[in-house]
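Working notes, beginning with the structure itself.
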Amino acid sequence: MTTKILIVDDEAPARRRLLDLLDDCRVDFPLTVVGEAGNGVEALEQITQGDVDIVILDIRMPVMDGIEAAMQIAALPETVKRPKIIFSTAFDAHAVKAFELSAVDYLLKPYRADRLLAALKKAEVLNPSQAKAIAQAAPPARRFLSIHERGKVAFVPLEDVLYLKAEQKYVTVRTAAREYLYEESLTKLEEAFPNIFTRLHRNSLVATKAIAGFERVVETAEDGQDASHWVAVVRGLDERLPVSRRQQHIIRSF
């Protein structure tokens, strides 16, 4: 049996050097490199589709960095094998301190084969509490929502989300293409992304950049009296989202 390893680094020369170092480790640690990835999204696609024992994860990468990728790995459903994690970094002292506190191994670039071998023997599965500790010490710019559906994981870019609407115990995530059901409270999402979403109603948030304007809707009640309320116009959608009386102050800000 050999350990299956995934290399994740956005720089091709760094991946080639790591391949050479892993070759030097094979005598003492039987291994197979099962793939390479240039960012966290590519890594997660391979992890959720294949059999990976250890992922060597760079921190600073485009699209999705190593910290966010690690948090997504820690949150994977039980049906998906969670690989052990070794972080790799050239700097970021705050992150290094977090790894030490959380008992997660890391490689500080540049490193040698003996240090890599020690990390391979020590690697462990990152649990949610460790991921949280690392995120607090070195907070990533979270750019994706990981949504589990039909045994798969979809990574939805926040920039694609038009609105979020609470539906019983789920939140509907609406993009221009489709809807997703997401298991996180609307309040937590609002707290996590205060600069991205605007509260319209107790059960809905809208992407601020997706607000095309507001309309006043007049309806006739059963008693024959006219009543009116405001709705938000969302770019690219025919749907209108109600604005509660408490939140009508946002209309003036637009």
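None of these values were measured; they are calculated from a predicted model.
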Looking at every heavy atom in both [X] and [Y], which two are closest together, and how far apart are they?
{"X": "Ser204", "Y": "Arg199", "result": "O-CD, 3.7 Å"}
{"X": "Gln72", "Y": "Phe144", "result": "NE2-O, 3.8 Å"}
{"X": "Tyr106", "Y": "Arg115", "result": "O-NH2, 2.8 Å"}
{"X": "Ala37", "Y": "Gln46", "result": "CB-NE2, 3.9 Å"}
{"X": "Lys209", "Y": "Arg235", "result": "O-NE, 3.1 Å"}
{"X": "Val34", "Y": "Leu6", "result": "CG2-N, 4.4 Å"}

How long is the straight-line distance from [atom2] of [Y] back to [atom1] of [X], given to the nearest 0.5 Å?
{"X": "Leu162", "Y": "Leu241", "atom1": "CG", "atom2": "CG", "answer": "9.5 Å"}
{"X": "Phe155", "Y": "Met64", "atom1": "CZ", "atom2": "CE", "answer": "5.5 Å"}
{"X": "Leu186", "Y": "Leu205", "atom1": "CG", "atom2": "CG", "answer": "4.0 Å"}
{"X": "Ser146", "Y": "Leu76", "atom1": "OG", "atom2": "CG", "answer": "7.5 Å"}
{"X": "Asn203", "Y": "Thr172", "atom1": "CG", "atom2": "OG1", "answer": "10.0 Å"}
{"X": "Ile7", "Y": "Leu57", "atom1": "CD1", "atom2": "CG", "answer": "12.0 Å"}

> Step by step, would you call Asp53 with Lys81 a salt bridge (Lys or Arg N to Asp or Glu O under 4.0 Å)?
Replying inline: CA-CA 8 Å; Asp53 296 314; Lys81 179 179 179 180; 2.4 Å; yes
>> For residues 29-46, which residue pairs pass the salt bridge (charged side-chain N to carboxylate O under 4.0 Å, His left out) check, not counting sequence neighbours?
In response: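 Output for this query lists Arg15-Glu36.
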> Hey, which of Asp24, Asp28, Asp23 is the one that makes salt bridge (Lys or Arg N to Asp or Glu O under 4.0 Å) with Arg26?
Replying inline: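 The residue from Asp24, Asp28, Asp23 that satisfies salt bridge (Lys or Arg N to Asp or Glu O under 4.0 Å) with Arg26 turns out to be Asp23.
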> Is there a salt bridge (Lys or Arg N to Asp or Glu O under 4.0 Å) between Asp9 and Lys109 once you walk through the steps?
Replying inline: CA-CA 12 Å; Asp9 197 302; Lys109 297 177 181 178; 2.8 Å; yes
> For Arg112, does the CZ atom sit with more than 12 other heavy atoms under 6.0 Å from it, leaving out its own atoms?
Replying inline: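 No.
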>> Are more than 12 heavy atoms, taken from residues, nucleotides or ligands other than Arg202, located less than 6.0 Å from that residue's CZ atom?
In response: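 Check fails, neighbour count at 12 or below.
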Taking [X] for the side chain and [Y] for the main chain, is one N or O donor matched with an acceptor at less than 3.5 Å?
{"X": "Arg82", "Y": "Val80", "value": "no"}
{"X": "Arg60", "Y": "Asp65", "value": "no"}
{"X": "Thr198", "Y": "Thr208", "value": "no"}

> Which pairs count as ring pair (Phe, Tyr, Trp, His ring centres under 6.0 Å) when at least one residue sits in residues 168-205, sequence neighbours excluded?
Replying inline: none
>> Go through it in stages, so that I can follow the logic: the residues are Ile56 and Phe87, the test is side-chain contact (heavy atoms from CB on, under 4.5 Å), and I'd like the CA-CA distance, side-chain angles, deciding distance and then a yes or no.
In response: CA-CA 6 Å; Ile56 302 177; Phe87 287 99; over 6 Å; no
>> For Arg16, is there an ion pair with Glu11 - N to carboxylate O distance below 4.0 angstrom?
In response: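 The answer is no: the pair does not qualify as a salt bridge.
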> Where do Val234 and Val206 land on the side-chain contact (heavy atoms from CB on, under 4.5 Å) test, with the steps shown first?
Replying inline: CA-CA 8 Å; Val234 183; Val206 65; 4.2 Å; yes
